[in-house]
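Chain A is the first sequence line, chain B the second, and so forth, proteins listed ahead of strands; every chain is numbered from 1.
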Amino acid sequence: MPEHASVVALIDRIVAGARIPSRAERDDLRRELEAHFEDAGTSEEAAREAIRRFGEERVVAGALRRVYRWDYRLLYVAKIAACLAASIGVAFFIEAAANLRVGREHDSLALAPGFAHAIVRATALVLAFVVAREALKPPLAWRRVTLGLCVYACVCGVVELTFANGAVAFVIAATFVALGALGSMRHRAPARWLLIYGSFVAVTAATHVNIAFGPMRTLLASAVTLTIWASTSAVAARADRLFVNLLESAG
Amino acid sequence: MEYDREFLTGTVGVLILSLLAEREMYGYEILREAERRSARTFQLKEGTLYPALHQMERDRLLKATWRESAAGRQRKYYGLTAKGRRRAASKRRQWISIAGAMRAILGHAHA
């Protein structure tokens, strides 16, 4: 590769590796590094020597990443917050649609009595999904996994302290997410969805053994859970793409 | 001469603050000036200068502006802020004190 192309590629990699959320600051760094290599000389030999003197790009990008780490973390937290808000909003509408009932007088619509519980369950499912997705993202980092588990356990604890037995919804949600993740490992779409739906039906049935729930309601509740699971997955994937685009958009 | 990294750790900040205390400079100029004055003792891995400059800018020790250099090219010039000037003076005092103490110790050991 000609040395000038190597310089451009090196600058690109350093700017990308610095993970600077602000486009203006990213452009500023790129311009500054371009000026550095321009000052070092325009001949092929000078460019080669400048690359050698510049040092390891991994070290430079890592040092820049440390400088801008709080901006990055802020953007990351904003991404998770936006993802949670959007997913919970979608889940709310799904649950509202599933719990809409015709009133006793047949002239009005009302939400089923179990709607409040359904919302808690849906919120728990969204939270479990987003936490698991972020915590287990490759490359696997145990610090991230531990942090994810701690965040989820803390929310569980707060819910349990606020509402008696509220944490049960979070344990069930974690089970749904684990089964959904296992089912997602299947590559073929029909088999994947059937497997996930089947496992959701089994969990829903198992968690309603003590109350009269009936097979139709079990199937319907599982379908609602699957829809929320799928919508959260779609929202999270969209949020990830936006996040990456924000960090990588070229100057 | 090759130096242990531990000797050079912490010197980059002092070096930047001291050079910029005299006048505004851009990255490449700082590197060449440090190299020239130290008779090439300070031959940093040049890429390490930029994270240090950006960190100091974030810490409000430096302020940066793009303007034309003597060669007619746009360059990002760094200068000290009031906080940077105070930090530069403090670092300078500390460094002179440490250097004096080390010289005394090494001189004794040599004698």
Quick test of your reading of the model: are B:E35 and A:R53 salt-bridged, counting only N-O distances below 4.0 Å? no
Can you tell which part of A:R65 gets under 4.5 Å to a heavy atom of chain B, answering side chain, backbone, both or neither? neither
Would you mind checking which part of A:A40 comes under 4.5 Å of any heavy atom in chain B, side chain (CB onward), backbone (N, CA, C, O), both or neither? both
Option in A:A63, A:A18, A:A50 with maximal non-hydrogen atom pairs under 4.5 Å from chain B: A:A63
Applying side-chain contact (heavy atoms from CB on, under 4.5 Å) to A:E38 and B:Y28, what does each step give before you reach the verdict? CA-CA 10 Å; A:E38 195 181 296; B:Y28 197 80; over 6 Å; no
A:V67 and B:P51: which non-hydrogen atoms are nearest, and at how many Å? CG2-O, 3.5 Å
Could you tell me if the side chain of B:Y26 sits less than 4.5 Å from the side chain of A:D39, heavy atoms only? yes
Taking the side chain as everything from C-beta on, heavy atoms only, tell me whether B:L49 gets closer than 4.5 Å to A:H36. no
Salt bridge (Lys or Arg N to Asp or Glu O under 4.0 Å): pairs with one or both residues in residues 76-96 of chain A, sequence neighbours excluded: A:K79-A:E134, A:K79-A:D240
How far does CG of A:L29 sit from OH of B:Y50, to the nearest 0.5 angstrom? 9.5 Å
Drop me the distance from B:R73's CZ to A:E34's CD, to the nearest 0.5 angstrom. 13.0 Å
For chain A, which residues of residues 76-86 of chain B have at least one non-hydrogen atom nearer than 4.5 Å to it? B:K76, B:Y78
Flag the one option from B:Q55, B:Q74, B:E29, B:R32 with the top tally of heavy-atom pairs under 4.5 Å to chain A. B:Q55
